[in-house]
Number of protein chains: 2
Amino acid sequence: MKNPKDGVQSVSRALTLLQELARSDDGLRVSDLARSTGLAVSTAHRLLTTLEQHGFAQFEPETTLWHVGREAFAVGSAFGRRRNFVAPALPFLKRLRDVTRETANLGILDDKQLVTISQVESREIMRAISNPGGQVPVFCSGMGKAIVATWSDDAIAALADQAGLPPMTTKSLRNMDAVFEDIQLTRQRGYALDDEEHVTGLRCVAAEVWSPQGEAVCAISVSGLAARLTDARLDTIGAQVRKAANELTLRLGGTPPV
Amino acid sequence: MKNPKDGVQSVSRALTLLQELARSDDGLRVSDLARSTGLAVSTAHRLLTTLEQHGFAQFEPETTLWHVGREAFAVGSAFGRRRNFVAPALPFLKRLRDVTRETANLGILDDKQLVTISQVESREIMRAISNPGGQVPVFCSGMGKAIVATWSDDAIAALADQAGLPPMTTKSLRNMDAVFEDIQLTRQRGYALDDEEHVTGLRCVAAEVWSPQGEAVCAISVSGLAARLTDARLDTIGAQVRKAANELTLRLGGTPPV
DNA sequence: TCCCGTTTTCCACATTGTGAAAAACCTTTT
DNA sequence: AAAAGGTTTTTCACAATGTGGAAAACGGGA
């Protein structure tokens, strides 16, 4: 008769109540909840009380309506917190590596530096030069520029002011005019380009990834020898990177740019 | 022996497990959970399974670790949805973050606790210590004090009476005299200050946001290392936070204080 | 291969959750 | 002002349900 696969009855019922509560924006009454879940009113009441004791449900005495409680919010946000983008990003990076046959990277902006968090290496003989964990000045990095391009010009100027524009190669951007010109291009193209600005001989195509809060949290890029990442391939790869970035954005619960 | 006031045992235990899971960023094993909650392993396992069936917990077979599940996230965000000032607040938080270069927060008062609803992080190395969803005793929080300062002294006393004054650091307010003194200052200044009263080394400047009904519904704050939020900057930041709070108030259809 | 530390399943037992019904509240109606 | 109709709470006897010890199934190391 009893099927253990159903789990613990009372817990299961309590969770159903919570889900029902979450469905409603302006609260529900005990009797409504009892009806919609098929529970006895007294049972629903008892379970709700328990949920309330733990802060998962909330009762408004004035209106006698039940709501989802703060503790549910607290526990739920732990789900989002755990999302360090590395794990979900991997499949997209791999696919990107496979379609481009070049190294794919994931990076975040941290204290004026772009940090490469994760990397899926090209299978070609010549590998990328930068390592995961490696840091690059923002404006010498494709990923850095992709993220920064989403900011206001003022914010960009402020960052450049603080971080400076340390040149890494002869092609590095050396003044604000060059920076804004490059950012302008980045916004138009929909992807950022590092054309041997970090390491001579190395090119890098990048696009930013958006958080649910509507901010560019990290970026995806493809990097390889300038000899292989020819001008002719740039737009194709740009579109592929853009696509991967948008897909990851969706995966993370964000909204890609129009 | 049995006290019905304790609520439904199994539900209560399951919720405790969830809270425990939320505390950990990289997952917990059944046996760890059993130990930390004082449950028999088999019981913990059974409850977790039930949580998993509803999507509130998530099990990683590879690592045999348990995490908070997507459904907990879904239900939790219903809490945020009901307090729908999150979306309209974001632009103001971002601007505040940009002008102060510190983390900007949005919080509401809920059952004697201040809950951080949303957050726009500083771009500096040291990020905020508190997470969205985090809860702080009212009188240890800048945002809490900003809201409460709009109340009558009687109401404040009543709340303190109920909630107590649990000290979080050595600088926390420990008696009603200190509270009223601080509230007095808050009203004069036009902004509230949490000077390492919640976390040592962390300062926080806050101002309340008004509803069209003329009540302080939520608060905006800027938080950062005490080393960076120096006394010299306090009044400037206070004015900036006040301004952001007033702008959001207008946006929500309320009337800012004179 | 065997072993140790897990996770998972099983099962007899009584603790614990259950729901009908009654009590306590509210508004609204007469 | 009292009665009626809708709630939300509380109570309580009963047995269905959840419990935890112990045993079984894994899953990596030696």
Side-chain angles (χ1 to χ4, degrees), chain A residues 1-69 82, chain B residues 1-69 111:
Chain A
M1 187 95 276
K2 169 186 165 187
N3 185 356
K5 292 280 157 55
D6 294 343
V8 176
Q9 186 187 72
S10 50
V11 174
S12 186
R13 288 170 162 185
L15 296 178
T16 306
L17 282 174
L18 257 187
Q19 292 176 309
E20 200 63 32
L21 275 181
R23 200 151 296 137
S24 139
D25 275 349
D26 19 50
L28 294 168
R29 299 175 314 174
V30 191
S31 46
D32 296 334
L33 279 163
R35 194 168 321 114
S36 61
T37 55
L39 295 172
V41 192
S42 60
T43 303
H45 182 259
R46 189 164 0 93
L47 293 171
L48 284 169
T49 306
T50 309
L51 288 169
E52 189 188 26
Q53 281 162 11
H54 284 254
F56 282 78
Q58 205 172 15
F59 183 60
E60 270 190 339
E62 298 83 51
T63 62
T64 66
L65 290 177
W66 289 85
H67 300 277
V68 170
R82 183 166 62 87
Chain B
M1 186 94 274
K2 168 185 164 186
N3 186 356
K5 291 280 154 51
D6 293 344
V8 177
Q9 185 188 69
S10 50
V11 173
S12 185
R13 287 170 161 183
L15 296 178
T16 307
L17 282 173
L18 258 187
Q19 308 193 92
E20 199 63 31
L21 275 181
R23 200 152 296 137
S24 141
D25 275 348
D26 22 49
L28 293 168
R29 297 175 314 174
V30 190
S31 47
D32 296 333
L33 280 163
R35 194 167 321 115
S36 60
T37 54
L39 296 172
V41 192
S42 60
T43 303
H45 182 259
R46 190 165 0 94
L47 293 171
L48 284 168
T49 305
T50 309
L51 288 169
E52 190 189 25
Q53 280 162 10
H54 285 254
F56 282 79
Q58 206 169 13
F59 182 60
E60 270 191 338
E62 299 82 51
T63 62
T64 67
L65 289 176
W66 290 85
H67 300 278
V68 171
D111 184 37

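Chain naming here is simple, since letters A, B, ... match the order of the sequence lines and numbering starts at 1 in each.
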Measuring from the side chain of [X] (C-beta onward, heavy atoms only), which nucleotide among [options] has the closest atom?
{"X": "Ser31(B)", "options": "dT6(C), dT8(C), dT7(D)", "result": "dT6(C)"}
{"X": "Val41(A)", "options": "dT9(D), dT18(C), dG18(D)", "result": "dT9(D)"}
{"X": "Arg46(B)", "options": "dT16(C), dG20(D), dT8(D)", "result": "dG20(D)"}
{"X": "Ala40(A)", "options": "dT19(D), dG19(C), dT7(D)", "result": "dG19(C)"}
{"X": "Arg29(B)", "options": "dG19(C), dT6(C), dG20(D)", "result": "dT6(C)"}

Grab the [atom1]-[atom2] distance between [X] and [N] for me, whole Å please.
{"X": "Leu39(A)", "N": "dA20(C)", "atom1": "CG", "atom2": "P", "answer": "11 Å"}
{"X": "Leu47(B)", "N": "dT7(C)", "atom1": "CG", "atom2": "P", "answer": "15 Å"}
{"X": "Leu17(B)", "N": "dG18(D)", "atom1": "CG", "atom2": "C1'", "answer": "14 Å"}
{"X": "Leu28(B)", "N": "dT6(C)", "atom1": "CG", "atom2": "C1'", "answer": "15 Å"}
{"X": "Asp32(B)", "N": "dT6(C)", "atom1": "CG", "atom2": "P", "answer": "8 Å"}
{"X": "Glu60(A)", "N": "dT7(D)", "atom1": "CD", "atom2": "C1'", "answer": "17 Å"}
{"X": "Leu48(B)", "N": "dT8(C)", "atom1": "CG", "atom2": "P", "answer": "10 Å"}
{"X": "Arg35(A)", "N": "dG19(C)", "atom1": "CZ", "atom2": "C1'", "answer": "17 Å"}

Quiz item: Heavy atoms under 4.0 Å, any strand shown: does Ser42(A) hit a base, just sugar-phosphate, or nothing?
Solution: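 If one applies the 4.0 Å heavy-atom cut-off, Ser42(A) turns out to touch a base.
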Exercise. Quick one: label Ser10(B) by what it contacts on the DNA or RNA (base, sugar-phosphate, nothing), any heavy atom closer than 4.0 Å.
Key: sugar-phosphate
Quiz item: Do Thr37(B) and Thr16(B) have side-chain N/O donor and acceptor atoms under 3.5 Å apart?
Solution: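 Thr16(B) and Thr37(B) do not have a side-chain donor-acceptor pair below 3.5 Å.
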Phosphate OP1/OP2 of [N]: any [X] side-chain N/O under 4.0 Å:
{"X": "Arg13(B)", "N": "dG20(D)", "result": "yes"}
{"X": "His45(A)", "N": "dT8(D)", "result": "no"}
{"X": "Thr43(A)", "N": "dT18(C)", "result": "no"}
{"X": "Gln9(B)", "N": "dG18(D)", "result": "no"}

Just wondering, do [Y] and [X] contact through their side chains at under 4.5 Å, heavy atoms?
{"X": "Arg46(A)", "Y": "Thr49(A)", "answer": "no"}
{"X": "Leu65(A)", "Y": "Phe59(A)", "answer": "no"}
{"X": "Gln19(B)", "Y": "Phe56(A)", "answer": "yes"}

If you measure from the [atom1] atom in [N] to the same atom in [M], how many Å do you get, rounded?
{"N": "dC12(D)", "M": "dA16(D)", "atom1": "P", "answer": "22 Å"}
{"N": "dC13(C)", "M": "dG17(C)", "atom1": "C1'", "answer": "16 Å"}
{"N": "dA23(C)", "M": "dT27(C)", "atom1": "P", "answer": "22 Å"}

Quiz item: Relative to the 5' end of DNA chain D, which residue comes earlier, Val11(A) or Thr64(A), by the nucleotide with the nearest heavy atom?
Solution: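 Closest to the 5' end, via its nearest nucleotide, is Thr64(A).
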Quiz item: What heavy-atom pair brings Ser36(B) and Glu20(B) nearest, and what distance separates the two atoms?
Solution: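 Closest approach of Ser36(B) to Glu20(B): OG-CG, 3.6 Å.
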Quiz prompt | With Ser31(B) via side chain to side chain donor-acceptor pair (under 3.5 Å) - residues at least two apart | solution =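 Here no residue qualifies.
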